[in-house]
Amino acid sequence: MSSSSSEGYQENSSSDESEEQLSKREERSLKQRKMKRTKQKVLFLPSRGITTRQRHLMKDLISLIPHYKKDSKLKAKNKLKMINEICQINSCNNCLFFESRKNNELYLWAAKVPRGPSIRFHVLNIHTMSELNMIGNCLNGSRPILTFDKAFDSQPHYKLVKELFCQIFATPKKHPCSKPFVDHTLSFTLINDKIWFRNYQIIWKDPKVKDSETRLVEIGPRFVLKMVRIMAGSFSGVTIYKDGAWVSPNEKRIQLKKEKQQKYQKKLLERQKQRKRKTKNILPKNELQDVFKD
């Protein structure tokens with residue numbers, strides 16, 4: 001009788017433990033359902049032929065975005081649709097593609113994968129963190145405050161840029177690689193149809209110190225973006241917006257070469273005119289020229 005009672009007691013205790021485990025699992029599943037985490041991942045992809053400064057700029061941006069993934073350099077620049085497949089392999093829904101062109105010109109593609117849109121920027125005035133040597137500093141993986149200029153709400157294409165930057169640069173809530181601190185801000189200001197990027201440290205007001213105020217100290221990097229084109233799809237599709245006033249650096253170089261050629265052609269024409277004048281204005285032979293030679 002004693003062995004049967006002990007066996008029954010063990011069965012009851014094991015059933016109670018299994019019920020407790022099930023209840024804990026249900027509680028965890030309910031918590032996970034309530035904690036709806038936004039799954040945003042950004043793929044950083046450089047092109048072949050990228051310079052050291054451009055590579056350092058990419059590393060600085062990676063340090064600001066904890067929800068990133070990085071892939072090797074893309075060789076085929078003309079086949080940009082391949083980037084969608086690379087994003088799917090890395091399970092990323094955002095992409096920043098650094099495209100290097102002639103004479104170290106850098107273009108930045110910001111795209112929402114796989115449906116789009118995708119925006120192409122021309123990157124100007126690049127200054128990395130190592131070049132600037134600013135005083136500011138922030139915690140690695142901390143969540144930034146994104147600040148946008150009021151001009152972003154003035155036109156629809158700037159609204160689209162604002163929404164895309166929010167999804168790329170804003171750290172998702174309760175991301176495993178992020179830290180629950182807010183100690184820096186990313187500033188996007190619009191001046192002369194160009195987007196100026198700045199990164200500042202937030203030094204909060206100290207209640208123990210008198211007359212202390214919250215202030216901003218620049219960290220870096222800093223660069224300027226000139227929007228060239230917006231496409232409906234991801235690295236493909238119909239052109240939604242195009243800046244008609246923008247002239248590519250390659251076209252500017254061609255125009256400078258043409259101007260130099262025109263200057264040289266003007267010099268050649270002037271030389272030909274001088275030769276014609278000399279032939280026309282030949283003086284007649286003087287009869288008394290050889291009189292005093294003897």
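This one's a predicted model, so the numbers in the text were calculated from it and none came from an experiment.
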Search all heavy atoms of Pro221 against all heavy atoms of Asp60 and return the closest pair with its distance. CG-CB, 3.7 Å

Taking the side chain as every heavy atom from C-beta outward, state whether Lys69 and Leu43 have any atom pair closer than 4.5 Å. yes

Hydrophobic cluster identity match, Ile119 and Phe169, side-chain contacts under 4.5 Å: yes

Counting C-beta onward and ignoring hydrogens, is there a side-chain heavy-atom pair between Asn93 and Val113 closer than 4.5 Å? no

Would you say Asn94 and Lys112 are linked by a side-chain donor-acceptor pair, where the criterion is simply a distance under 3.5 Å? yes

Report, as yes or no, whether the 6.0 Å neighbourhood of atom NZ on Lys242 holds more than 12 heavy atoms from other residues, nucleotides or ligands. no

When rounded to the nearest 0.5 angstrom, what is the spacing between CZ in Arg53 and CZ in Phe223? 14.0 Å

Carefully, step by step, assess Ile195 and Leu190 under the rule side chain to side chain contact (heavy atoms under 4.5 Å, CB included). CA-CA 5 Å; Ile195 300 166; Leu190 194 63; 3.7 Å; yes

Looking just at side-chain N and O atoms, do Ser212 and Asp206 make a donor-acceptor pair shorter than 3.5 Å? no

For the residue pair Asn199 and Pro144, establish whether any side-chain heavy-atom pair is separated by less than 4.5 Å. no

Are the side chains of Lys226 and Trp246 in contact, using a 4.5 Å heavy-atom criterion? yes

Is it the case that atom CD1 in Ile135 sees more than 12 heavy atoms from other parts of the structure closer than 6.0 Å? no

Going only through I, L, V, M, F, W and Y residues with side-chain contacts under 4.5 Å, is there a path from Phe148 to Leu108? yes

Scan Asp153, Asp193, Asp149 and name whichever one has a side chain to side chain donor-acceptor pair (under 3.5 Å) with Tyr158. Asp193

For the hydrophobic clusters of this structure (ILVMFWY residues joined by side-chain heavy atoms under 4.5 Å, transitively), does one cluster hold both Leu132 and Leu61? no

Got His56 and Met129 here, is their nearest side-chain heavy-atom distance under 4.5 Å? no

Verify the distance criterion only: is there a donor paired with an acceptor across the side chains of Asn104 and Thr51 at less than 3.5 Å? no

Side chain to side chain donor-acceptor pair (under 3.5 Å) with Arg198: which residues, sequence neighbours excluded? none

Is any side-chain heavy atom of Ser118 closer than 4.5 Å to a side-chain heavy atom of Phe97? no

Thr214 vs Lys205, test: side chain to side chain contact (heavy atoms under 4.5 Å, CB included). Steps then yes/no. CA-CA 5 Å; Thr214 54; Lys205 183 180 178 181; 3.7 Å; yes

Could you pull out the closest heavy-atom pair between Pro66 and Leu64, with the gap in Å? CD-O, 3.6 Å

With a 6.0 Å cut-off on ring centres, are Phe188 and Phe165 close enough? yes

SG of Cys87 to NZ of Lys41, rounded to nearest 0.5 Å, is 12.0 Å

Measuring from atom OG of Ser236 to atom CG of Asn84, what distance do you get when rounded to the nearest 0.5 angstrom? 6.5 Å

Nearest-0.5 Å distance that lies between atom OG in Ser47 and atom CG in Leu106: 8.0 Å

Following the transitive rule for hydrophobic clusters with a side-chain heavy-atom cut-off under 4.5 Å over Ile, Leu, Val, Met, Phe, Trp and Tyr, establish whether Val42 and Met58 coincide in one cluster. yes

When you look at CZ of Arg253, are more than 12 heavy atoms from neighbouring residues, nucleotides or ligands closer to it than 6.0 Å? yes

Considering non-hydrogen atoms only, spot the tightest contact between Leu160 and Pro117 and give its length. CD1-CG, 3.9 Å

Return yes if some donor-acceptor pair links the side-chain N/O of Thr279 with the main-chain N/O of Arg275 below 3.5 Å, else return no. yes

Validation row: Pro249, His122 side chains within 4.5 angstrom (heavy atoms): yes

Sub-4.5 Å side-chain heavy-atom contact between Tyr200 and Ile145: no

Kindly give the cluster partners of Trp196, where membership spreads through any ILVMFWY side chain lying under 4.5 Å from a current member. Leu124, Ile191, Val224

Is the CZ atom of Phe197 crowded by more than 12 outside heavy atoms at less than 6.0 Å? yes

Gln167 versus Glu163, side-chain donor and acceptor atoms under 3.5 Å: yes

Distance, nearest 0.5 Å, that separates CD of Glu99 from CG of Leu74: 9.5 Å

Considering all heavy atoms of both residues, which atom of Asp183 and which atom of Ser142 are nearest to each other, and what is their separation? OD1-OG, 2.6 Å

Distance from Leu139 atom CG to His184 atom NE2, nearest 0.5 Å? 9.5 Å

So if I apply the side-chain contact (heavy atoms from CB on, under 4.5 Å) rule between His157 and each of Ile230, Ile240, Asp243, which one comes out positive? Ile230

Do the side chain of Lys75 and the main chain of Arg48 share a donor and acceptor less than 3.5 angstrom apart? no

Does one hydrophobic cluster hold both Phe98 and Ile126, with members joined at side-chain heavy-atom distances below 4.5 Å? yes

Looking at Tyr107, is Arg120 sitting on its ring face, NZ or CZ under 6.0 Å from the six-membered ring centre and within 45 degrees of the normal? yes

Does Val217 offer a backbone N or O that forms a donor-acceptor pair with the side chain of Gln201 under 3.5 Å? no

